[in-house]
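A short worksheet on the structure shown next.
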2 protein chains.
Amino acid sequence: MGTPSIKEVAQRAGVSVGTVSNFLNRPGIVAPETRQRVQDSIQALGFVRNEAARHLRAGKSRTVGLVVLDVTNPFFTDLAEGAEALAYEHDTVVMLCNSKTDPVREGHHLDQLEQQRVMGILITPFDSTDPRLTALVDRGTPVVLVDRTADRGLCSVSVDDQLGGRLAGNHLIESGHRRIAFIGGPFTMQQVADRRAGITAIAEETGDVDLQHYEVDVMGVVEGRAIGEQLAALPARSRPTAAFLANDLLALGFLQGMAVAGLRVPRDMAIVGYDDIDFARAAAVPLSSVRQPAELLGRTAMELLQEEVESAERHRHRQVIFQPDLIVRESSDFKRRR
Amino acid sequence: MGTPSIKEVAQRAGVSVGTVSNFLNRPGIVAPETRQRVQDSIQALGFVRNEAARHLRAGKSRTVGLVVLDVTNPFFTDLAEGAEALAYEHDTVVMLCNSKTDPVREGHHLDQLEQQRVMGILITPFDSTDPRLTALVDRGTPVVLVDRTADRGLCSVSVDDQLGGRLAGNHLIESGHRRIAFIGGPFTMQQVADRRAGITAIAEETGDVDLQHYEVDVMGVVEGRAIGEQLAALPARSRPTAAFLANDLLALGFLQGMAVAGLRVPRDMAIVGYDDIDFARAAAVPLSSVRQPAELLGRTAMELLQEEVESAERHRHRQVIFQPDLIVRESSDFKRRR
DNA sequence: CCCGGCGATTTAGACGATTCAACTCGGGTC
DNA sequence: GACCCGAGTTGAATCGTCTAAATCGCCGGG
């Protein structure tokens, strides 16, 4: 009654289960006439392979876990896109998990993925030094960090976030801004910390720059707008003239906050975001942003994982680092005379 | 070397595999002292249950597939949230799949889920009459339609989209608008068709209303903005004075389009969206929207599925329909004198 | 006529967790 | 002392698929 198994397919086709299995995995070695009979039987019964059984027998799973911080952020879905594209070529499935920047949810997903004995895990971790990650690896599940640089024995794919921070900072400073807000969070997240370190470094090198730091719990549109309204309420003489936001959702919210408060962008407030998601470009005031090659990140991460899985023993962990680009658009395109 | 199995745990603890299994599934019947030994052994070896084996043996999987049209749309992530919450209570895992409004991707995901013998599938289908869905059910995978009403033998959870369309239309007409644009797509998608039918019906009942229809391929921010700019370019005397958009992402993009073209909302163009996602409220001009209880939809869908799985034979399919609410905010709050 | 060889197919275990009937062992009952 | 009871534990069978080794049938060469 349930789904038919290979056995019933065999019976109906008048062959042994081995032959059906051969048909499925090495059709070349099955005689053409037999092949047809098996094919018909599969069709007639509506046979569907049982992945759990394959997996158990093979000891190897064909699914990869991808744990991201926020599925609603197009940056991560682009990344997932890249990972899935390569997975598809390797006849592999991606299981998308949303940690929502919450370590508890993240842990829960990791447990589930490990129980499923996934082939490997690609993760944008909340905390890349979490011992759970290395424990996972020790127990045999390959892990590749995404959008985060691994220090110890892990593969990782990331973008030079410090450089990204420098690019943004340099651009704003060169445009004449001397009172700049950095907005992101939590500051403990490595990406955020690096972006901050980048702009901090260049601010200090320049000297005479007042860099203010605002921390948020989650980097979403709603939070960005709240901070925007908060800054807009400051008196003009002490208010920053520019803001660098650690991701584009935050920046879009911030931009809305400006609009509501009646501040003009970029005249009253210049804005630079991060990620260069599609609709940053489409915003009411097109958003300047530090571009990360999201799809390439995902693709490369999957590549490293496949490599690690295939070459097992003789695999050496690698840390791939891409360079970000600053894309200047209207939101920061205004020269301020000092 | 690989992950240890129940057998090795048993060996180390000096008990049989049966006892270890009992420890895992019915700890109550294991003697306290034995329980401790097994516990220690598990700890020491770092044993992790093999889900594939459990699944194979049980014949029942503990994961549910959730296929949505667009993971970047907060409406769907809220929905997923609701589904996951209930799943969690049932010790069940949700596998999130993004079809991106693409029937090919959707089909691929369905195939994969079926091979994994998932417990069931919750899906916002591209086309709810797709025979593949009923074929899936015939072969034994329970399916619950989400945000779509099932006509034939399926459970479904949806919101009365025609009513939603009527509410929006009625509101705009009562506010004095007589040239109104409906924007959404593809029109073949049932939700979109129903929302359109709703506003069309009330426009006809009222008479003297010029309802114009604009179709898009995908309902995202980028598309909304494009249509917005297109309408803004029309001469004021033929341009609609109000727009009803079939989801909020579209509406947000449309709003941006207005801002760019210098049209004022709601004075020059009133806007009503659909879904009432969080950041519709936070938009530059807070967006009027037809609210759907996203989380409740997800939760209820999962409930129906659990019910179907548990009561097997004597299960009768049900179609649950919720009522939408119109939330009026600034984007449409302007009385137009006729 | 026998044998080697080859292509096609079958057979017989695994894989890891679960379940259930069977068993052990003390202790209590008559 | 025979018997039973129940708590605790054991061991074997099972789920569906895959693979390596074994088998079968058949042909041609010697």
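One can place CG of A:Leu45 at 14 Å from P of D:dG16, the figure rounded to the nearest angstrom. When rounded to the nearest whole Å, the span between CD of A:Glu33 and C1' of C:dG7 equals 14 Å. Computed from coordinates, the B:Phe23 CZ to D:dG8 C1' distance equals 15 Å when rounded to whole Å.
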#### Entry: Contact letters for nucleotides 8-21 of chain C, in which S counts primed atoms plus P, OP1 and OP2 and B counts the base, heavy atoms under 4.0 Å
SSBB-BBBBBBB--
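Separation of atoms CE (B:Met302) and CG (B:Leu297) is listed at 13.0 Å; rounding is to 0.5 Å.
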### Task
Test A:Val157 against A:Phe322 for side chain to side chain contact (heavy atoms under 4.5 Å, CB included), laying out the working first.
CA-CA 8 Å; A:Val157 181; A:Phe322 292 102; 3.6 Å; yes
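Residues forming a side-chain contact (heavy atoms from CB on, under 4.5 Å) with A:Asn25 (at least two apart in sequence, or on another chain): A:Ser21, A:Arg49, A:Arg54.
Residues A:Arg62 and B:Gln112 form a side-chain contact, since some pair of their non-hydrogen atoms from C-beta on lies under 4.5 Å apart.
Applying the 6.0 Å contact sphere to CZ of A:Arg26 captures more than 12 heavy atoms from other residues, nucleotides or ligands.
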